[in-house]
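Lettering of chains follows the sequences in order, A, B, ..., and the numbering in each one begins at 1.
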Amino acid sequence: MPELPEVETVVRTLEKQIGGCTITHVHVRYDPIIVGDAREFEEQMCGQTFRRFERRGKYLIFRMDDLTLVSHLRMEGKYYIQPPSAEITKHMHVIFDLNNGMQLRYNDTRKFGRMEILAKDKDFRHYKDLGPEPFDKAFNPSYVHAFRKGKRTPLKSLLLDQSFVAGIGNIYADEILAACHLRPGRSCANITKKDEEHIVNETQRILKAAIKAGGTTIRSYTSSLGVTGRFQTSCTVHMQKICARCGGEIKVKYIGGRSSYYCPHCQH
DNA sequence: ACACTGACCTGCGAGC
DNA sequence: TGCTCGCAGGTCAGTG
């Protein structure tokens with residue numbers, strides 16, 4: 001499932017592949033993907049050119065001539081660039097015809113993803129109560145301290161809270177906490193100043209490494225597959241059985257409505 | 001204000 | 001073999 005590093009990779013790949021392309025026709029095949037009226041969406045997107053590509057948290061942002069298109073891939077959303085002759089499968093919900101003869105196709109098995117048209121100059125700094133970007137200087141140890149003040153929520157839930165920091169999902173939350181030697185179920189009320197520093201540093205280090213790896217993986221894809229949000233990461237705890245550090249058994253616990261993987265020996 | 005739960009979806013694997 | 005059931009996950013509305 002795409003988290004910040006995957007979304008970043010998708011944005012950069014699409015920028016290279018369809019930057020400057022103009023949409024000549026749009027067909028929405030499953031209306032609920034579109035926030036607002038799907039027919040109006042088709043009409044408004046027609047004739048628009050992909051000008052700039054941005055990301056905010058897990059949201060993809062396409063700056064067009066007269067509007068901004070925001071897209072969230074949720075769990076399984078993927079963009080493909082294919083010729084019109086390629087088979088349209090049952091999970092391809094939005095088809096954009098491009099002026100270079102190709103089609104941009106939005107594929108989403110679970111139909112969870114969403115697309116929305118917003119104003120051309122929409123400011124995303126305060127979009128949907130999203131917290132700071134992990135690489136922004138606003139995400140620092142004293143911010144972590146101020147945010148967690150008065151809260152007793154588990155650290156896992158804190159990292160998944162998009163208003164705390166934008167872009168972290170279930171996989172990276174587990175990986176960040178493993179790197180910090182902190183258990184996912186531990187209350188955010190009783191961590192130290194050192195822990196706050198670790199959370200910031202490890203979040204940035206792990207996401208940076210993942211973006212680098214994501215880029216590498218995407219480049220190895222054949223062009224016919226287009227762009228996907230999928231990428232193989234070398235997880236130390238998530239979905240693992242044995243801890244890479246101590247060789248002990250990895251435990252799975254349901255925390256904050258998510259399955260959370262951790263090493264009871266290395267994380268306290 | 002905070003914390004937790006269920007709904008949205010479909011595919012897949014486990015268990016019977 | 002074929003069925004049912006639970007799980008996976010990001011976000012948001014709803015509830016306590």
Side-chain angles (χ1 to χ4, degrees), chain A residues 1-11 28-36 38 55-61 70-80 88-94 105-116 118 124 126-134 144-177 184-191 203 207 210 214 228-233 235 237-241 250-262:
Chain A
M1 61 308 306
E3 300 183 29
L4 185 151
E6 291 76 13
V7 176
E8 179 68 23
T9 305
V10 170
V11 165
V28 177
R29 305 174 71 236
Y30 180 75
D31 290 357
I33 294 283
I34 308 300
V35 178
R55 176 194 58 73
R56 176 78 170 97
K58 299 171 201 169
Y59 293 85
L60 291 104
I61 300 165
V70 184
S71 168
H72 197 300
L73 307 173
R74 294 287 179 94
M75 266 70 77
E76 310 212 337
K78 296 172 190 68
Y79 281 102
Y80 295 101
I88 293 178
T89 67
K90 63 174 178 173
H91 297 307
M92 290 174 177
H93 304 305
V94 187
R105 298 174 171 185
Y106 179 69
N107 188 96
D108 192 342
T109 313
R110 285 204 177 120
K111 301 178 173 172
F112 268 20
R114 293 290 177 267
M115 286 182 208
E116 184 175 13
L118 296 173
F124 285 88
H126 302 295
Y127 184 59
K128 285 187 188 281
D129 199 29
L130 288 181
E133 288 290 316
V144 174
H145 188 79
F147 191 94
R148 73 181 180 88
K149 201 177 171 190
K151 293 185 173 70
R152 287 171 293 107
T153 197
L155 288 170
K156 175 66 176 265
S157 303
L158 186 74
L159 287 178
L160 289 177
D161 183 349
Q162 301 298 298
S163 71
F164 171 58
V165 60
I168 296 173
N170 201 33
I171 296 171
Y172 291 112
D174 281 358
E175 293 302 310
I176 290 162
L177 290 173
R186 177 135 159 220
S187 166
C188 68
N190 56 31
I191 59 170
T203 297
L207 292 181
T228 83
R230 204 170 292 246
F231 111 119
Q232 300 299 319
T233 177
C235 290
V237 287
H238 192 83
M239 295 287 272
Q240 303 299 306
K241 297 238 184 296
I250 297 290
K251 284 233 180 304
V252 192
K253 213 172 162 184
Y254 206 63
I255 299 161
R258 297 281 169 270
S259 56
S260 306
Y261 293 73
Y262 67 98

Tell me whether the OP1 or OP2 atom of [N] has a side-chain N or O from [X] closer than 4.0 Å.
X      : N      : result
A:Q162 : C:dT11 : yes
A:H238 : C:dA8  : no
A:H72  : C:dT11 : yes
A:H91  : B:dC9  : no
A:K90  : B:dT10 : no
A:Y30  : B:dC9  : yes

Which pair of heavy atoms, one from [X] and one from [Y], lies closest together, and at what distance?
X      : Y      : result
A:P154 : A:G185 : CB-O, 4.0 Å
A:T203 : A:P134 : CG2-CB, 4.1 Å
A:L158 : A:C188 : CD2-CB, 4.2 Å

Can you tell me how far [atom2] of [N] sits from [atom1] of [X], to the nearest Å?
X      : N      : atom1 : atom2 : value
A:E116 : C:dC12 : CD    : P     : 10 Å
A:D31  : B:dC9  : CG    : P     : 12 Å
A:I171 : C:dG9  : CD1   : P     : 7 Å
A:R56  : C:dT11 : CZ    : C1'   : 15 Å
A:R114 : B:dC8  : CZ    : C1'   : 7 Å
A:Y59  : C:dT11 : OH    : P     : 6 Å
A:R148 : B:dC2  : CZ    : P     : 14 Å
A:L130 : C:dG10 : CG    : P     : 14 Å

| query | Per the side chain to side chain contact (heavy atoms under 4.5 Å, CB included) rule, which among A:Q240, A:K251, A:R186 passes with A:Y262? | reply |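 Testing A:Y262 for a side chain to side chain contact (heavy atoms under 4.5 Å, CB included) against A:Q240, A:K251, A:R186 leaves exactly one candidate, A:K251.
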| query | Is it true that the NZ or CZ of A:K151 lies under 6.0 Å from the centre of A:F147's six-membered ring and within 45 degrees of the ring axis? | reply |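 Cation-pi check for A:K151 and A:F147: passes.
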| request: Within residues 252-262 of chain A, find the residues that approach DNA chain C with a heavy atom at under 4.0 Å, and present them sorted by residue number. | output: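 The stretch gives A:Y254, A:R258, A:S259 as the residues lying under 4.0 Å from the strand, ordered by number.
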| Residues in contact with DNA chain C, drawn from residues 151-158 of chain A - heavy-atom cutoff 4.0 Å |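 Nothing qualifies; none.
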| field | Contact nearer the 5' end of DNA chain B, comparing A:R110 with A:G150 | value |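 Per heavy-atom nearest nucleotide, the more 5' residue is A:G150.
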| Are any of the side-chain heavy atoms of A:Y30 and A:V94 separated by less than 4.5 Å? |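 No, side chains not in contact.
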| Does a side-chain heavy-atom distance below 4.5 Å link A:M75 with A:D108? |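 Sidechains of A:D108 and A:M75: no contact.
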| Can a donor-acceptor pair be found between the side chains of A:Y79 and A:S71 at a distance below 3.5 Å? |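 A donor-acceptor contact under 3.5 Å links the two side chains.
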| query | What do you reckon, are the aromatic ring centroids of A:Y59 and A:Y127 less than 6.0 Å apart? | reply |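 Aromatic pair counts; centres sit under 6.0 Å.
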| request: Begin with the C-alpha distance, continue with both residues' side-chain angles, and end with the deciding distance and a verdict on side-chain contact (heavy atoms from CB on, under 4.5 Å) for A:R148 and A:I191. | output: CA-CA 10 Å; A:R148 73 181 180 88; A:I191 59 170; 3.6 Å; yes
